[in-house]
There are 4 protein chains.
Amino acid sequence: MKAVTYKGPNEVQIEEVPAPTIQASGDAIVRVTASSICGSDLHLYHGRLPFAQKGFVLGHEFLGVVEEVGDGVTDLKSGDRVVAAFSTSCGRCYYCRRGLTTQCMRGGQVFGFGQLSGGQADYVRIPLAETTCERVPDTLDDTQAILIGDVLATGYYCADIGKVRPGDIVLVLGCGPVGLCTVMSAWLFGASKVLAVDSLPERLELAAKFGAVPVNMAQEDVNTAVRQHTGGRGADVVCEAVGSQEALRSCFGYARPGGSIAAVGVYAEASFEFPIFLSFLRDLSFRVGICPAKQYMSTLVDLIQSGRIDTTPLITHTMPLEDSAHGYDIFARRTDGCVKILLKS
Amino acid sequence: MKAVTYKGPNEVQIEEVPAPTIQASGDAIVRVTASSICGSDLHLYHGRLPFAQKGFVLGHEFLGVVEEVGDGVTDLKSGDRVVAAFSTSCGRCYYCRRGLTTQCMRGGQVFGFGQLSGGQADYVRIPLAETTCERVPDTLDDTQAILIGDVLATGYYCADIGKVRPGDIVLVLGCGPVGLCTVMSAWLFGASKVLAVDSLPERLELAAKFGAVPVNMAQEDVNTAVRQHTGGRGADVVCEAVGSQEALRSCFGYARPGGSIAAVGVYAEASFEFPIFLSFLRDLSFRVGICPAKQYMSTLVDLIQSGRIDTTPLITHTMPLEDSAHGYDIFARRTDGCVKILLKS
Amino acid sequence: MKAVTYKGPNEVQIEEVPAPTIQASGDAIVRVTASSICGSDLHLYHGRLPFAQKGFVLGHEFLGVVEEVGDGVTDLKSGDRVVAAFSTSCGRCYYCRRGLTTQCMRGGQVFGFGQLSGGQADYVRIPLAETTCERVPDTLDDTQAILIGDVLATGYYCADIGKVRPGDIVLVLGCGPVGLCTVMSAWLFGASKVLAVDSLPERLELAAKFGAVPVNMAQEDVNTAVRQHTGGRGADVVCEAVGSQEALRSCFGYARPGGSIAAVGVYAEASFEFPIFLSFLRDLSFRVGICPAKQYMSTLVDLIQSGRIDTTPLITHTMPLEDSAHGYDIFARRTDGCVKILLKS
Amino acid sequence: MKAVTYKGPNEVQIEEVPAPTIQASGDAIVRVTASSICGSDLHLYHGRLPFAQKGFVLGHEFLGVVEEVGDGVTDLKSGDRVVAAFSTSCGRCYYCRRGLTTQCMRGGQVFGFGQLSGGQADYVRIPLAETTCERVPDTLDDTQAILIGDVLATGYYCADIGKVRPGDIVLVLGCGPVGLCTVMSAWLFGASKVLAVDSLPERLELAAKFGAVPVNMAQEDVNTAVRQHTGGRGADVVCEAVGSQEALRSCFGYARPGGSIAAVGVYAEASFEFPIFLSFLRDLSFRVGICPAKQYMSTLVDLIQSGRIDTTPLITHTMPLEDSAHGYDIFARRTDGCVKILLKS
């Protein structure tokens, strides 16, 4: 089968690799119909991850149709349409029972990272398939459903751990795919106003399309904008969706006393200079974490079906799997107005 | 001054009464600029309340400008624009500290009921004014702000005590002013779908304008509609905004197992035939209560200012205070497409 | 094998019945080491349930050792010590994922009721065994662990749905096994004081042993006692553990404004005369439901192991399975100081 | 009147100063009957605070009897017994309404810090007295009630923001007064086990008296102890009550995945090396803050009255105000088994 594989820093290619087969009784083999490239794939792409091996199949955002299931699988059958969470989970262990599916004691593997082959391919093997996948109803097409298992879940998680409540003013720092999904999610928790901060005009335009007040940090002082939109008080909730130390540090200045800061960017460094004295004096809550996507996916399917969430404007490019090298290139360089790319298998 | 007074069953009239004066150090006198007629005023209007006395000034939905304050008032001053909660509260007692402002131990009086003169008048006296009123910013006109202190707060409260959560399917039974405000509020708590049930086409149209799926109970079987829109399961949350026993009873059939039922109608009877065995087996939550409006008003001001809530379509009629007898008449009979009437003082 | 079977109203006997065998891949056969008689078994015993058939094996409170498992079971193996929830659940369906295990779409069967043979026997078949059972660590003996799957879980659930919070004054009406477990649980949620109401002195003594203030309703006026212990205000939370209409009705008078009432008794009648006008005026929360025991069992095991909960004083009688007819008799008549009976298989 | 005043680094003395008088209409003058020395007083005592001025009256933990009130005070009168929160609050502003009383826009002053004279004196002036104080019932003596407004509230707050839930294993790092109050509070939220870590044997003994498992970090490896008491998983909640960077850093290793870390120590440095990558991967919640004591005081009074909380064992020393120089000395050096000192005025 064809698959997108890692070839070395800044290089991926389509190559022919063996199709996956059932390895455990809980596995399913899924024929991928669409996949997408995620910001966290870039850590691999740029060669920053020591374990990245040449020939490894990439991709943890994908959906498709079940082709075959292991003999322990009773909830899924050939022909079912599913989207996978970015990581595997059993649904039954100590952590899964608490909704912490990324901490799953039996699963916890991320597709296209480490040992588990990814989904930017014709077929993919899904371990613990019953609990790692969510069904996709036929009323949703691939473009509507592709982001459920990672980027959308992460944006939703950010609003959730940021504890957005009705009436809150929410600031979202970074209008990449996760930031934009956070903007959409903030409304679901009752935000009265969302300030969306970035420096790329096309991303700010998208944020505005999703109802946010765009703040172009290349052109205006963010602190001034925050004061102006919050009666001088600061935002109730600040969501960090960039993943840089500098960005995160600035969040502590944007939050009002008693406010909360939620960070879902992936930080490359081990530690962060946390402004602890300020946070103490101002009672600031801080929460960082890796989204337990599976936990949210069924709700997200409902919200997309009913039209309350629509992530299709994020998909700025659609291309065949064969063009993925080009896709990775424009996505990594943020050129061509690229926000999110759909790869069709 | 002029005021709307009770004259006997189904009869109100405008008459000249003495203007109110400061009676306690926490009082404020407010020059009313607008008031409205509430469904609960009809209990009085129809002569169903034994304590209703002729000549009593009606109305608990009103806003205006502070004219004078008692010498214990420091947070309000002449010229401030305010809207009152429907009942008075001190903000400091055991109940107020728990957000139960209608149970206030010092206040708890309802305007235009019992002993406290109402606000359908040129002037009104507001006891415990600092904590009974909420400021209205100049960016909101009277029509936008008039419903904050009662009907809108009650709809919001209904969604709140019904514990609507993101993704939920909410059924609102009754599309009068409170029901329509519940529809609007359900979105703030993340509802994926709202089913709005009534039999008056013009009210269902309004519900649809607010994003709900209208269900005309005069034309279709509500149970069938519920099953169809919820995958056969029943609604996650059912909000009762009618106030009849029969309506409330039906709610228990519309909720899914583990679902919740919130009732904010005013029930005339002392008791209700609660389906306890069914509720036990299906784990149904039930919550009824009188909205602690003051608790929500500041949030509602923010949500209206930012445009997330707009109750102006509910105001189907605007008329001078002088025409209030006609207003009461069409409101009570639900004719002329009347949903909500604004009286201008 | 030997088993306790229903013979007709007020009559059970030990008889020889065929030992259960694996019927589905998720089943386990458990060798029962201890079981107990529950208040809800009495509905059957008294012949009040139309479906009760002669020869049917009773009992839904039991624990033992896994003897054999179906080929779909991977989390349990022969030799594991387990206690079952009173009803079966799959852990994966829509309801189980929301913690509503008694509404399970694949399980939901109650042992010793309807079609599923009970556990007052030498052996029992447990469907959906991995998710219906909880492991019992060797540090707990049978007497410590026997109540986890029903009575203790139900008492805990009552405090949970009653929303007991730190500092609350909790009134528990009825000091049978469930009521006493509610007393114990109220402390875990931070109750400052628990009033325990009953008319049997030996049960009130037990309640006092568990830290409650005993109120003998045969000797003193409960309302007066409530006012006296709550500064005249009423209890924050009222827990109904009797199961009679009259008892439940009285709860609404014991609760303070804004308080909550939780009912876990099993009501024989279809409906209850709910005091709706009072509840409206006083903002009373009401919650009734069938305990999703499985949801709480792992936490309860932890609390018993650490010594924070000890239900052994409830076990007033221990006898061999052979004596169960006598056991049912004294339990049903509440004689001999009987609170809870342990049957040893 | 006599008062404890700051004389320079490590030096306090009793001196005669003018008695306070009413300065604003919301003030009360309280005749102090007892005060105590707090760990945060040591920042001043050690001369680490630049604004510390010679002659300034110290102390923010105190209680007494109202002597006189300003003319705006209606809820308090001469003769009332009260304990003050460590900081003033109005109860009405944006922050107070959200329970963030230390962020109060009208108050927010800390007694014995900055501009506001402290309570280690014969008399003290309390601004915003109605909302800064809590009544002390006559059933509680000074020793029982003295810690309500600061140290006990802070320990309770730590368990609260750490989100301790029934069944949780809680680790409390530091068994000073705040740590010990955290141990007591953890039980109120349902902890199944509390591990208390310190190196002073007498403090560990106190922790054990309050039900905790003492872990002497001078003698055993804390990490090993944590693993052993948590089945290898880590604590559900880790409470930091030391206030050092090193202590706080260690907490991140003690928490289980998805666990939470709450810090209420006062950190001298502006920033903390937050282990962000670890926290991201393991979904760790972090919360730091200054306790909004007023918010909790009424609940704490109830819990002490009912006997669920008893902080009297913390008061290891009682002495007249005249001996406060000695008191500060042994408290600062942690000699003489000193945990907490009560000064009698």
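Just so it is clear: chains get the letters A, B, ... in the order the sequence lines come, proteins before strands, and each one is counted from 1.
- Around atom CZ of C:Arg98, more than 12 heavy atoms belonging to other residues, nucleotides or ligands sit under 6.0 Å away.
- C:Asp168 contributes atom CG, which lies 11.5 Å from atom CG of D:Leu188 (distance to the nearest 0.5 angstrom).
- With respect to chain C, the highest number of heavy-atom pairs below 4.5 Å among D:Thr299, D:Asp302, D:Ile309, D:Leu303 belongs to D:Leu303.
- With hydrogens and angles ignored, the 3.5 Å screen pairs a side-chain donor or acceptor of C:Arg308 with a backbone N or O of D:Trp187.
- Heavy atoms closer than 4.5 Å to chain D are found nowhere in C:Tyr296, neither backbone nor side chain.
- Here the closest non-hydrogen pair linking D:Ser306 and C:Ser192 is OG-O, 2.7 Å.
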